[in-house]
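Side chains are part of it too, since the values below use all heavy atoms of this structure and drop only hydrogens, waters and symmetry mates. Every chain is numbered from 1, with letters handed out A, B, ... down the list of sequences.
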Amino acid sequence: MRRRKVKKIVLIDGHSILNRAFYAIPDLTNSEGIHTNAILGFLNIMFKILDEEKPEYLTVAFDVHQPTFRHEMFEQYKGTRKSMPEELREQVPLMKEVLKAMGITIMEKPGYEADDVLGTIAKTSEQKGYQVSLVSGDRDLLQLASENIKIRIPKTKKGGTEIENYNTQDVIETYGVTPKQFIDLKGLMGDTSDNIPGVPGIGEKTAGKIISTYDSIENAYEHLEEIGPAKAKEALRNNHDLAILSKTLATIKTDCDIEFHLEDALVGNLYNEGAYSFFKRLEFKSLLNRFQLEVTHYEGIEEYFKVLNDLEQAEMVFNKLLKSASGHMTAGLQFITAGDKILGLSLTYSDKDIYFIKVEGFITEEYLKDKVCNLLDTPISLATINLKPQLDYIRAAEKSNVFDEGIAAYLLNPLNSTYYYDDIARDYLKMTIPSMNDLFGKNDIANLSSENDKEFRNYCCYQSYVCYKAYEPLVDALKNTDMYQLFVTIEMPLVYTLYDMELRGIHINREELKKYGEKLAVGIADLETKIYHLVGEEFNINSPKQLGVILFEKLRLPFGKKTKTGYSTSADILDKLVQEHPVVSMILEYRQLTKLKSTYADGLATYIGNDERIHGKFHQTIAATGRISSTEPNLQNIPIRMELGREIRKVFIPEDGYIFLDADYSQIELRVLAHMSEDERLIAAYREAQDIHRITASQVFHTPLDEVTPLQRSNAKAVNFGIVYGISSFGLGQGLNISRKEAEDYINRYFETYPRVKQYLDDLVLNGKKNGYVTTLFGRRRPIPELSSSNFMQRSFGERVAMNSPIQGTAADIIKIAMIRVNERLKELKLRSRLILQIHDELLIEAHKEEIEEVSSILKEEMQKAANMSIPLEVEVKTGTNWYEAK
DNA sequence: TTTTTCACG
DNA sequence: ACGTACGTGAAAAAG
């Protein structure tokens with residue numbers, strides 16, 4: 001005989017699960033700074049239950065944010081509810097949107113609590129013959145348990161979530177009362193977390209005994225005289241009204257006047273496009289596996305994707321575009337490459353002209369390059385993502401009709417970590433498309449390109465399609481945020497400057513670098529034996545964990561404190577221990593040597609090319625403040641502070657017939673601060689004195705300029721640094737190794753001396769809080785989501801960022817302008833001298849010996865006039881036959 | 001992959 | 001009570 005399967009409905013107590021998830025999962029934010037831990041936890045619990053039960057129906061109930069009847073009654077007793085932390089509060093609306101995106105119904109009814117709504121739906125569903133699962137973090141709901149209503153309480157245990165299940169029998173076994181009696185039990189004993197007063201003097205044990213004997217509060221009062229102990233009897237006698245009220249409070253309504261249509265709660269396709277893009281934005285990578293890529297495709301646009309491998313067809317496509325070329329046209333284009341091979345060109349110039357033109361047969365790499373160069377000579381706006389590496393193919397001078405969408409997207413939100421085509425599609429087209437990772441994972445693109453692979457075709461076509469579609473939204477967004485000017489006059493030209501610099505690279509003396517490494521190796525081996533001997537055993541000195549054990553357990557040195565996964569062995573802790581044991585200073589020296597060897601001597605050597613030069617990469621879309629960053633290798637952190645490390649700069653040498661010209665801004669950040677704060681005294685200080693730290697010390701400590709002690713000067717210097725970093729007494733104390741109190745005193749004196757600086761910094765924080773972002777002198781924005789955090793630490797961080805970013809960012813803007821101008825002028829004048837490195841406030845030029853004078857003055861001039869401020873920008877230019885000498 | 005440490009501005 | 005100076009990238013160890 002075939003029995004019809006009973007239909008299941010899952011009901012979720014939204015706030016309760018969200019709340020539980022929030023506290024169970026450590027703080028988590030996506031790259032936009034949105035907190036996501038509670039939402040992730042909620043979804044994990046929900047998916048676990050859905051996977052298990054495969055219900056036909058699903059609904060989530062939320063409380064409405066207004067006081068309900070039961071709350072009001074309670075608040076007369078206990079004051080206000082404790083408020084929700086901001087990090088959780090901001091996740092509530094987002095959670096609802098995520099659920100809506102998955103097509104899950106949300107019940108929220110003003111005047112009712114979620115409990116009551118859930119109770120009502122549960123009971124009516126049960127009556128209709130459904131199996132009900134009620135998911136909550138709250139034991140209140142146990143009163144609703146029955147044969148067909150299962151209360152499910154998720155618990156986060158080690159190694160995942162486990163769920164406790166309660167039907168009638170489970171409640172009886174665990175609590176010794178029936179679900180119905182559970183109400184009376186709670187009425188008597190009360191529940192502080194759920195705002196139920198209960199009867200004072202009666203706790204869990206007594207309440208349990210009374211209810212299991214008399215079944216209900218009402219019946220207990222009928223038999224009041226029989227009740228013992230006497231104390232409980234008295235408590236009941238004196239609190240009759242309270243007991244009845246508590247029971248009312250504890251009772252979950254099952255007869256709410258709500259409209260609930262079961263068919264609305266039908267579980268549809270949870271894994272749809274909208275949900276996918278949400279998950280992606282929130283960066284729930286583990287959950288994305290649940291989506292099948294098919295559902296993410298977009299409105300049948302792929303029907304128009306065409307792969308061309310025939311020259312005649314390609315000609316037609318290009319000709320059609322070239323013939324109709326006009327200024328209000330846009331084309332998206334993107335070279336698709338594997339290594340240094342061009343696989344083809346992705347090109348889109350209308351909603352129906354979407355092509356991947358493959359390098360094959362008569363379509364050669366050269367052909368495609370030529371065609372793209374033809375496009376450069378038209379007024380068509382050409383949009384691409386990540387232009388710099390493609391300049392290898394688009395051998396063209398700076399073109400005003402080329403638009404790098406990666407850089408546009410970076411300006412609009414510099415906090416993102418990537419700006420790929422799928423990121424831009426998500427953020428500016430509300431469109432979800434598979435990322436390169438989704439499509440190929442770890443596979444090499446080159447391998448997949450061989451056949452008429454649909455995914456490969458889509459990947460290629462989407463690239464230019466996104467460029468084409470996102471062009472206008474991005475231009476509009478830049479204009480709306482007042483960053484279009486910044487984009488056009490600084491960021492786009494800089495792409496070409498950085499490209500030039502990468503191409504040129506920097507010459508290295510390979511032999512000297514090797515010798516330097518060998519010298520270090522000798523020192524390292526020597527120290528190693530000495531350390532092992534002193535300590536009495538061999539261990540891995542590079543392992544902080546092993547080192548910690550040796551220093552703080554074996555040698556019993558006073559551990560400075562700090563620990564998360566063990567003892568801290570960082571240099572500032574070890575510095576304080578040099579007096580304690582002779583091995584400490586050896587370890588510090590060992591660290592220094594191994595760092596120099598591994599990162600610099602050996603590290604740099606691997607990047608030297610056949611031309612004996614290192615061609616590092618400069619990145620324009622990494623730093624949140626607008627700075628440039630450097631990788632492969634990082635040429636912006638070559639040692640200089642310590643003499644031994646500094647030596648390595650001797651291997652950076654100019655080519656024969658050339659010399660290094662190194663130009664440095666003098667304290668550009670403090671000058672920016674002086675200009676932006678308009679502090680008269682700071683401005684005056686800069687107009688007259690060269691030594692700003694000395695003059696600061698003189699003014700802050702009320703000491704004549706020539707009587708400032710070295711200590712006063714270095715303290716003033718630290719305060720100046722502190723100001724730029726977003727001052728905090730704690731941080732300054734740390735930096736200066738003095739107490740927080742003393743540091744605070746310094747800061748106060750500084751602000752007394754330069755009151756407008758204080759005013760300015762305060763205003764930055766205030767504006768940051770108001771707008772959610774801060775800006776540089778040139779309009780660059782930095783969003784600061786941390787400013788609205790309720791977490792002290794995060795908020796303080798936000799405040800420091802609000803003070804630092806405009807200063808660091810403005811300095812970055814200024815040197816970018818200088819770089820562009822210097823590079824352009826050298827090229828215009830057809831000089832052989834060339835800009836090769838930027839180190840934040842420093843430019844390095846490989847100058848031809850015949851051009852030294854001319855180039856020095858160009859350098860100095862362009863750097864000084866990059867920004868017109870109320871104080872001059874001072875630039876120091878030095879020459880040298882290597883980088884060591886030039887600094 | 002994450003953590004720790006340390007190099008630079 | 002909280003527990004950090006701002007911005008980066010690389011190497012090595014550990015999970």
Hey, does the side chain of A/Asn804 come within less than 4.0 Å of C/dG7's phosphate (OP1/OP2), counting only N and O? no
By nearest atom, which of the nucleotides B/dG9, C/dA13, C/dG9 is closest to the A/Ile839 side chain? B/dG9
Between B/dA7 and A/Arg641, is there an OP1 or OP2 to side-chain N/O distance shorter than 4.0 Å? no
A/Arg782 side chain N/O closer than 4.0 Å to the phosphate oxygens (OP1, OP2) of C/dC6? no
Verdict with supporting geometry, A/Ser796 and A/Phe792, side-chain contact (heavy atoms from CB on, under 4.5 Å): CA-CA 6 Å; A/Ser796 303; A/Phe792 174 85; 3.6 Å; yes
Without decimals, in angstroms, what is the distance between A/Leu844 CG and B/dG9 C1'? 15 Å
Donor-acceptor pair present, A/Arg591 side chain and B/dT5 base, under 3.5 Å: no
Pick base, sugar-phosphate or nothing for A/Gly735, based on heavy-atom distances below 4.0 Å to the nucleic acid. nothing
So A/Glu669, base contact, sugar-phosphate only, or nothing? Heavy-atom distance under 4.0 Å. nothing
Please assess A/Leu547 against A/Tyr567 for the test side-chain contact (heavy atoms from CB on, under 4.5 Å), listing each intermediate value before the final yes or no. CA-CA 9 Å; A/Leu547 181 63; A/Tyr567 311 98; over 6 Å; no
Taking only the side-chain heavy atoms of A/Thr625 (C-beta and beyond), determine which of C/dA13, C/dG7, B/dG9 contains the nearest atom. C/dG7
Where the side chain of A/Arg627 is concerned, which of C/dC6, C/dG7, C/dG3 is the nearest nucleotide? C/dG7
Considering only the C1' atoms, how many Å lie between C/dC2 and B/dT5, rounded to the nearest integer? 26 Å
Determine whether any donor atom in the side chain of A/Gln808 lies under 3.5 Å from an acceptor atom in the base of C/dC6, or the reverse, and answer yes or no. yes
Counting side-chain heavy atoms from CB outward, which of C/dA10, B/dC8, C/dT4 is closest to A/Thr599? C/dA10
A/Lys860/A/Glu876 salt bridge by N-O under 4.0 Å criterion: no
For A/Glu744 and C/dT4, give me the distance from atom CD to atom P, rounded to whole Å. 18 Å
When the aromatic ring centroids of A/Tyr754 and A/Tyr750 are compared, is their separation below 6.0 Å? yes
Consider the side chain of A/Ala624, meaning its heavy atoms from C-beta on, and name the nucleotide among C/dT8, B/dC6, C/dA10 that approaches it most closely. C/dT8
Going by an N to O cut-off under 4.0 Å, is there a salt bridge joining A/Arg649 and A/Glu885? no
Nearest to the side chain of A/Ser598, heavy atoms from C-beta on, is which of C/dC2, B/dT5, C/dA11? C/dA11
If you check every side-chain atom of A/Lys595, which of C/dT4, C/dG9, C/dG7 has the closest atom? C/dG9
Which part of the nucleic acid, if any, lies within reach of A/Phe797 when heavy atoms closer than 4.0 Å are counted: base, sugar-phosphate only, or nothing? sugar-phosphate
Among B/dT5, C/dA14, C/dA12, the one nearest any side-chain atom of A/Thr569 is B/dT5
Taking only side-chain nitrogens and oxygens of A/Ser629, does any of them come within less than 4.0 Å of OP1 or OP2 of C/dG9? yes
Distance between P atoms of C/dA1 and B/dC6 (Å, rounded): 32 Å
Tell me which nucleotide among C/dA14, C/dG3, B/dT5 gets nearest to the side chain of A/Pro544. B/dT5
Scanning both residues in full, the closest heavy-atom pair of A/Arg504 with A/Leu835 reads NH1-O, 2.8 Å
Do the side-chain N or O atoms of A/Lys545 get closer than 4.0 angstrom to the phosphate oxygens (OP1, OP2) of C/dG15? yes
Just N and O in the side chain of A/Ser543: are any of them under 4.0 Å from OP1 or OP2 of C/dA14? yes
Is A/Gln546 near enough to C/dA14 that one of its side-chain N or O atoms lies under 4.0 angstrom from OP1 or OP2? yes
Taking only the side-chain nitrogens and oxygens of A/Arg800, find out if one of them lies under 4.0 Å from OP1 or OP2 of C/dC6. yes
